[in-house]
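Okay, so here's the structure we're looking at.
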Number of protein chains: 2
Amino acid sequence: MENSEYTPLYRRIKHLLTNGLAHREWAPGEPLPSENKLARRFEVSIGTVRKAIDELVDERVVVREQGRGTFVATHNSSRLLFHFFHIVERGGSKEYPKIKTLSFRRGRADMDEAQKLEIAERAPVFRIRNLLSLCGRPTIVDDIVLPRSLVPDLNEKIFIGRDNTIYHLYQSRYGLNVLRTSERLSATCADPDVAKLLGVKKEASLLEINRIALTYHHAPVELRRSVVNTERHDYFSDLGKSPLRRHDPRF
Amino acid sequence: MENSEYTPLYRRIKHLLTNGLAHREWAPGEPLPSENKLARRFEVSIGTVRKAIDELVDERVVVREQGRGTFVATHNSSRLLFHFFHIVERGGSKEYPKIKTLSFRRGRADMDEAQKLEIAERAPVFRIRNLLSLCGRPTIVDDIVLPRSLVPDLNEKIFIGRDNTIYHLYQSRYGLNVLRTSERLSATCADPDVAKLLGVKKEASLLEINRIALTYHHAPVELRRSVVNTERHDYFSDLGKSPLRRHDPRF
DNA sequence: AAGTGGTCTAGACCACCAT
DNA sequence: TGGTGGTCTAGACCACTTA
């Protein structure tokens, strides 16, 4: 007899923790209860709690700090979640982009967008266009599609007046914690508008990135199409990964 | 006082296991000794051995099979290490490419190649060009640079006569186990040769992928430049990852 | 039935941080 | 000094494969 229904205890604990995070029982930046307290609360051993938290750490949902506690990951504190920006200078150095918002409009989701965002066709969305500069040169044009239902009171003033990253705004103001992105890359030709913004000639080769951003329980948050001038920059992808390990990772 | 020298026991065990793997004490496809035996051999508890193997599993160096044992990962068995091919049809389905070798030549590493492959400038290399077809259409041109010192007796007959993937050939014949790749993507224009091969017009926008393949202890194995026609295909990158977990990963 | 990996527990001790 | 996470141990029991 097969037992495909079985879920180990630590997975159920992880699920309970994820629910607590999704419902903001512990908000970004705040500490979770200590492993000891969680073990008593869920009536399991501390090792089982640790295994649940281990997976959340792998997924970058929480961050352990020895001697201090385990904290809900934030989108400001360090580039830890700056881990969502993959464009690097060909030389190698990573740089934080300067962002200029070119347009902020209200619109409706088309069929494809609705399907990807898991909302109704023609549901209200924001459409935002940003120009990102690296090394002082305009390099990326971002077109964002964001369901208005997720960010009810958002407006241009709030969006532009934010004092941090866009994902940090989603997180701090709307409790939307972007945890994961899925991206599809292709080569494209510059259309006249984009060519002008990036200072390249029409028909130049550009890199197109179609991203979907996801939060807890894999719920979609945002669609983003980025068009990148790769004359001086690359998209960097290090699969085989680096599961953020302590101590010397050469071993 | 800081203690930056400290390395936990399980990391040292992992290092010993990695050495055994690099020296083919256990060859690809073969089982490691059971966790029990390893614990006795290294005189540690089984939990410590498990933690060492856990990391090797995360890195896809070995594969656990409940009830059977822990096996050195291979490049044939299933698409597990087919996890190195990121081009997918825009529709979504993943397909194994048809490969045709266009040229197989001997040459010397230039400065840039030598630096990336960690070999001497002008060291002997193979230069191989392959044309990959998907959905019956030529879609990718691969240019491979491979140090001859790593694959001493390789020749065109062996290369073309292989009965499996290229990485499987490296692994089975030369003990070179490609574990990880690091890739940089950019947009490029088709040069006349490539345009002809891919059946696109000159100056068409194509996706360029520069990959370096690494083995144990991060030693470089191969350089590969892929040029992709992205009319019908995308490069798929799912960061947030999927650490190949057992049971229902929704939890 | 025997052997493997997978889960869960309980407890000791270490490293680090706050106070 | 007390509390936190990090490591290591020892042992029980479960799930799965092989024979």
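Note: hydrogens, waters and symmetry copies are ignored here, and every other heavy atom, side chains too, is used. Chain identifiers are assigned alphabetically (A, B, ...) following the order of the sequence lines, protein sequences preceding nucleic acid strands; residue numbering begins at 1 within each chain.
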Validation row, ring centre A/H86 to ring centre A/H233 under 6.0 Å: no
Which residues satisfy the side-chain contact (heavy atoms from CB on, under 4.5 Å) test with [X], sequence neighbours excluded?
X: B/R64; result: B/E35, B/R50, B/I53, B/D54, B/V57, B/T70
X: B/R173; result: B/D153, B/I158, B/L169
X: B/I128; result: B/T101, B/F104, B/F126, B/N130, B/I144, B/F159
X: B/E25; result: B/R41

Residues from residues 27-41 of chain B lying under 4.0 Å of DNA chain D - heavy atoms: none
If I take atom [atom1] in residue [X] and atom [atom2] in nucleotide [N], what distance separates them, rounded to the nearest angstrom?
X: B/F71; N: D/dC16; atom1: CZ; atom2: C1'; result: 13 Å
X: B/K14; N: D/dC8; atom1: NZ; atom2: P; result: 14 Å
X: B/F42; N: D/dC8; atom1: CZ; atom2: C1'; result: 16 Å
X: B/L9; N: D/dC8; atom1: CG; atom2: P; result: 5 Å

Side chain of [X] - closest among [options]:
X: A/S45; options: D/dT9, C/dG5, C/dT9; value: C/dT9
X: A/R68; options: D/dT7, C/dA18, C/dC8; value: C/dA18
X: B/R50; options: C/dG5, C/dA18, C/dT9; value: C/dG5
X: A/Y10; options: C/dT7, D/dG5, D/dT9; value: C/dT7
X: A/T70; options: D/dT7, C/dC8, D/dG5; value: D/dG5

Can you sort out the partners of [X] under salt bridge (Lys or Arg N to Asp or Glu O under 4.0 Å), two or more places apart, ordered by chain and number?
X: B/D234; answer: A/R184, B/R90
X: B/K98; answer: none
X: B/E65; answer: B/R68

A/L146 side chain near A/Y170 side chain, heavy-atom distance below 4.5 Å: yes
Phosphate OP1/OP2 of C/dT7: any A/K51 side-chain N/O under 4.0 Å: yes
Along DNA chain C (nearest heavy atom to each residue), the more 5'-positioned of B/R64 and A/G47: B/R64
Would you list the protein and nucleotides 12-14 of chain D atom pairs, both N or O, that sit under 3.5 Å from each other?
none

